[in-house]
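Report on one structure; see the data block that follows.
A, B, ... follow the sequence lines: proteins, then strands. Residue 1 opens every chain. Source: prediction; values computed, not measured.
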Amino acid sequence: MDPFTTAVIACIRNIPPGKVATYGQIGALAGKPTGARQVARILHAMSRKHHLPWHRVVNKQGRISLPRYDGYEMQRARLESEGVVFDADGRIAFDRFLWDGRNE
DNA sequence: CTCGTGACTCCCG
DNA sequence: TCGGGAGCCACGA
């Protein structure tokens, strides 16, 4: 399997509950600062085969990238159940919930 | 092997 | 705030 893909999956597994990370952040940690798009692709493809906490990954604006009718509600519900709070604009406050990249 | 397709992000009006 | 263009490159067919 592609080493980048492996690294991305590993990073995602490291995101602690109640925290979120951005696609670009994961890509950078996995070795490709410009691979945000690939991260999204990997997430989509691999979350079907692997058991991944894909809901803890959002775009850089702190918003969920999924359409309301396809996954948005579920992702938001999962995050809220972990304590993540969304503001009126549907955004997550990074100053409180962004994963710092380290495990506790 | 080739090729279309993005759950992204940056940059410029 | 919003939109278009370009770069990015792994996955699945």
Checklist entry - Do side-chain atoms of A/Arg78 reach the backbone of A/Glu73 as a donor and acceptor pair under 3.5 angstrom? => result no
Checklist outcome for this item: Against the side chain of A/Phe4, the closest entry in B/dT9, C/dA10, C/dC8 is C/dA10
Checklist entry - For the residue pair A/Ile15 and A/Ala21, what are the closest heavy atoms and their distance? => result CD1-CB, 3.7 Å
Next on the checklist: Quick check: closest heavy atoms across A/Ala30 and A/Cys11, and the distance to 0.1 Å?
Outcome noted: N-SG, 4.2 Å
Next on the checklist: Which nucleotide wins on minimum distance to the side chain of A/Ala36, given the candidates B/dC8, C/dC9, B/dT5?
Outcome noted: B/dC8
Item to check | Derivation of the side-chain contact (heavy atoms from CB on, under 4.5 Å) call for A/Val58 and A/Gln75 | outcome: CA-CA 10 Å; A/Val58 299; A/Gln75 178 168 12; 3.9 Å; yes
Next on the checklist: Can you tell me which nucleotide in B/dG6, C/dC8, B/dT9 comes closest to the side chain of A/Thr34?
Outcome noted: C/dC8
Side-chain donor-acceptor pairs under 3.5 Å in residues 82-92 of chain A, sequence neighbours left out?
| unit_1 | atom_1 | unit_2 | atom_2 | d |
| --- | --- | --- | --- | --- |
| A/Glu82 | OE1 | A/Gly18 | N | 3.1 |
| A/Glu82 | OE1 | A/Arg56 | NH1 | 3.1 |
| A/Glu82 | OE2 | A/His55 | NE2 | 3.2 |
| A/Glu82 | OE2 | A/Arg56 | NH1 | 2.5 |
| A/Asp87 | OD1 | A/Asp89 | N | 2.7 |
| A/Asp87 | OD1 | A/Gly90 | N | 3.1 |
| A/Asp87 | OD1 | A/Arg91 | N | 2.9 |
| A/Asp89 | OD2 | A/Arg91 | NH2 | 3.3 |

Checklist entry - Can you list the steps and then say if A/Lys19 with A/Leu98 is a side-chain contact (heavy atoms from CB on, under 4.5 Å)? => result CA-CA 6 Å; A/Lys19 289 288 185 178; A/Leu98 183 64; over 6 Å; no
Checklist entry - Considering heavy-atom distances to DNA chain B, does A/Gln38 or A/Thr22 have its closest nucleotide positioned more toward the 5' end? => result A/Gln38
Checklist entry - Which pair of non-hydrogen atoms, one from A/Trp54 and one from A/Ser47, has the smallest distance, and what is that distance? => result CD1-CB, 3.9 Å
Next on the checklist: Assigning hydrophobic clusters by single linkage (Ile, Leu, Val, Met, Phe, Trp, Tyr; side-chain heavy-atom cutoff under 4.5 Å), is A/Met1 placed with A/Leu29?
Outcome noted: yes
Next on the checklist: Once salt bridge (charged side-chain N to carboxylate O under 4.0 Å, His left out) is applied, what residue pairs with a partner in residues 42-54 of chain A remain, sequence neighbours excluded?
Outcome noted: none
Next on the checklist: Taking side-chain contact (heavy atoms from CB on, under 4.5 Å) as the definition, give me every residue that meets it alongside A/Ser65, ordered by chain and number, with sequence neighbours left out.
Outcome noted: A/Tyr23, A/Asn59
Checklist entry - For residues 42-66 of chain A, which residues have at least one heavy atom under 4.0 Å from DNA chain C? => result A/Ala45, A/Arg48, A/Lys49
Item to check | Student check: side-chain heavy atoms of A/Val57 and A/Val20 closer than 4.5 Å | outcome: no
Item to check | Side-chain donor/acceptor of A/Arg37 to base of B/dT9, under 3.5 Å | outcome: no
Checklist entry - Contacts to DNA chain C from residues 76-91 of chain A, heavy-atom cutoff under 4.0 Å, which residues? => result none
Checklist entry - Looking at DNA chain C, which of residues 24-32 of chain A put a heavy atom within less than 4.0 Å of it? => result A/Lys32
Next on the checklist: Whole angstroms only, please: what is the CD1-P distance between A/Ile9 and B/dA7?
Outcome noted: 17 Å
